[in-house]
Amino acid sequence: MGLTRNKRKTDPEIVIARDTDSELSSSSSSEEEDNYPLSESEEEDEAVKSGGKIELEKNKAKGNAPITVKLIKKVCKVCKQPGHEAGFKGATYIDCPMKPCFLCKMPGHTTMSCPHRVVTDHGILPTSHRNKKNSIDFVFKRQLQPRIPPIKPKYVIPDQVHCAVIRYHSRRVTCLEFHPTKNNILLSGDKKGQIGVWDFAKVYEKNVYGNIHSVQVNNIRFSPTNDDMVYSASSDGTIGYTDLETGTSSTLLNLNPDGWQGPNNWKMLYGMDINSEKGVVLAADNFGFLHMIDHRTNNGTGEPILIHKQGSKVVGLDCNPVQPELLLSCGNDHFARIWDMRKLQPKASLNDLAHKRVVNSAYFSPSSGTKILTTCQDNRIRIWDSIFGNLDLPSREIVHSNDFNRHLTPFKAEWDPKDTSESLIVVGRYISENYNGTALHPIDFIDASNGQLVAEVMDPNITTITPVNKLHPRDDVLASGSSRSLFIWRPQDKTEMVEEKKDKKIIICSGDSKKKGKKQKRGSDDEDDEDDMFISKGKNIKVNKSQAKTTKSSRKTKT
DNA sequence: ATTCCATGATGCC
DNA sequence: TGGCATCCCTGGAA
């Protein structure tokens, strides 16, 4: 198990090692890279070519030959059967053919040959994009099939990292929220319970509140009546109400007043939204119940209501943007449910949208509120085109790699709030692709009206999965959280010089005080990993060890 | 340096 | 029904 992990981590480094540019030699990372060994996979390959000699010699050299001499017999790591291999081969993952497809979950083929696979190779257009017909064919097809949606204005995709805060949070980012009026303020919650406030226009202005929650923040909402006040729902079972100016915070709801009574009793709050018409903050817990707080008095209202299967986690709540009586919920009982706010009682939902697995998120469309978008752990994004129509089945299912996995914040496909056609959605991708020798996990922009991939956004600097994505309500900006870091993406300005664009790219690296001692031993001087943040532009990006590696590879891929 | 663990849902028995 | 191994992850602790 450790093997696979190490292997994955070393793979991108091979590329970097070949790139002997000394640009970053001032950082402490270069010496290790210079004599970096072959990756384990390459070593393994050689061992096989030479009939396992390497392995035997190793044993001899140790002097104490074990009784069981391990010959390297190629056995699949996944199913333990001989004859094939599974796992990462460089930056490409080879599926075990004995398992169902990792992408669409159907048996009989692997991800490589999956009909839903988006990218076949780097630089090649996705099959869904390949324009096999000419424009006349297209027009003709439109006449024959009126259901093909009208041509929409071209989407503006924020596909370039504009700025970032590397290792901003001390645990992984769990949620993001833009300020309702100040365009450059981004709030972020993390697994540790901290809430960050970042002015990404000034880049270096950031603030972290650590006193609000004790564990994972699951949702942040601004008060509809006061821009400085935010509500936050957390797995510590509380709703926090925090003044961003002063940092003072109060607890509006605490589901665990008696403290820790064992894991079976600990209540956590996940989904949260605000119904400003009704003046109520809604939050749902991990036992299937909905809680409400009057947001004018900030007092709880009424008893909790069972809205999902008893004992199952309710992960998402969404109030309809047009019709205040409508509430959407989703949860681990494999359902998304539509509720009438006037009739909130167990089993009284207006509709139950069935899914095959856990529903990570369910959102009404942002303008009309008549469509529903859900993300499900069966690797499918579902769209219901009209809440007034038949909701037995979704209008479309889009196969998309958004498996839940340990240590990952659940993927949630989100609408672009600016797209009045209510088509563009953004969602991070779990499965990786091989981009010039580096495994990257892009952020996908999908046209929800036809399921087509509009854009896949990535940066060689970001090798971690990016499950948390939020599109700006007014600007062409995407904010994303990947592991502990935050990124701001803006559209590539094609009229600008590339060089100038590069110079605009700013990366802040904020060191972690806890790690300091450990990491600094490696360096020859004390330059890296200080608690100060480093701001630099263009080529002089000064980063810590792990960032330095990927920065190098980024140069390689870009030139 | 390396291993282990947390944490969540699933699927198999 | 419940216990348990498994999973294309990640970071920190032991």
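Just so it is clear, the values below take in all heavy atoms, side chains as well, and ignore hydrogens, waters and symmetry mates. Here is the naming used below: chain letters follow the sequence lines, and residue numbers restart at 1 for every chain. Every value quoted in this text rests on a predicted model; they were computed, and no experiment measured them.
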For [N] and [X] - does any side-chain N or O of the residue sit under 4.0 Å from the phosphate oxygens OP1/OP2?
X: A:Lys313; N: B:dA9; value: yes
X: A:Arg171; N: B:dT7; value: no
X: A:Asn332; N: B:dA9; value: yes
X: A:His169; N: C:dT10; value: no
X: A:Thr111; N: C:dC8; value: no

### Query
Does the pair A:Arg337/A:Asp352 count as a salt bridge with the N-to-O cut at 4.0 Å?
yes
### Query
If you measure from the Lys or Arg side-chain nitrogens to the Asp or Glu carboxylate oxygens, is any gap between A:Asp190 and A:Arg484 under 4.0 Å?
no
Rounding to an integer number of Å, can you tell me how far [X] [atom1] sits from [N] [atom2]?
X: A:Met268; N: B:dA9; atom1: CE; atom2: C1'; value: 13 Å
X: A:Tyr430; N: B:dA9; atom1: OH; atom2: P; value: 14 Å
X: A:Gln216; N: C:dG11; atom1: CD; atom2: P; value: 16 Å
X: A:Lys309; N: B:dA9; atom1: NZ; atom2: P; value: 13 Å
X: A:Gln377; N: C:dC8; atom1: CD; atom2: P; value: 15 Å
X: A:Lys192; N: C:dG11; atom1: NZ; atom2: C1'; value: 12 Å

[X] side chain, from C-beta outward: closest of [options]:
X: A:Ser432; options: C:dC7, C:dC8, C:dT10; result: C:dC8
X: A:Arg406; options: C:dT10, B:dT7, B:dT10; result: B:dT7
X: A:Thr464; options: C:dC8, C:dT10, C:dC7; result: C:dT10
X: A:Arg484; options: C:dG11, C:dC8, B:dA6; result: C:dG11
X: A:Val358; options: B:dT10, C:dC8, C:dG11; result: B:dT10

### Task
List in chain and number order the residues that pass side-chain hydrogen bond (donor to acceptor under 3.5 Å, both in side chains) with A:Asn286, two or more places apart in sequence or in another chain; answer none if no residue qualifies.
none
### Query
Toward the 5' end of DNA chain B, which comes first, A:Arg172 or A:Lys356, by nearest nucleotide?
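Checking each residue's closest nucleotide, the 5'-ward one belongs to A:Arg172.
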### Query
Tell me, which pairs form a salt bridge (charged side-chain N to carboxylate O under 4.0 Å, His left out) where one or both residues lie in residues 99-112 of chain A, sequence neighbours left out?
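Residue pairs with at least one partner in residues 99-112 of chain A: A:Lys105-A:Asp403.
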### Task
Give a yes or no on whether a donor-acceptor pair under 3.5 Å exists between the nucleobase atoms of C:dC8, that is its base, and the side chain of A:Asp403.
no
### Message
Can you check the distance between C:dC8 and B:dT2, where both ends of the measurement are the P atom (answer in whole Å)?
### Response
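Result for the P pair: 23 Å, nearest Å.
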### Query
Only one of A:Thr375, A:Asp444, A:Asn379 forms a side chain to side chain donor-acceptor pair (under 3.5 Å) with A:His400, so which one is it?
A:Asp444
### Message
Taking the side chain as everything from C-beta on, heavy atoms only, tell me whether A:Leu317 gets closer than 4.5 Å to A:Leu290.
### Response
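Of all side-chain heavy-atom pairs linking A:Leu290 with A:Leu317, at least one is under 4.5 Å.
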### Message
With a 4.5 Å cut-off on side-chain heavy atoms, are A:Val427 and A:Ile443 touching?
### Response
no
### Query
Is it true that the side chains of A:Thr466 and A:Ser480 contain a donor and an acceptor less than 3.5 Å apart?
no
Provide a list of protein-nucleic acid N or O atom pairs under 3.5 angstrom, restricted to nucleotides 11-13 of chain B.
unit_1	atom_1	unit_2	atom_2	d
B:dG11	OP1	A:Arg357	NE	3.2
B:dG11	OP1	A:Arg357	NH2	2.4

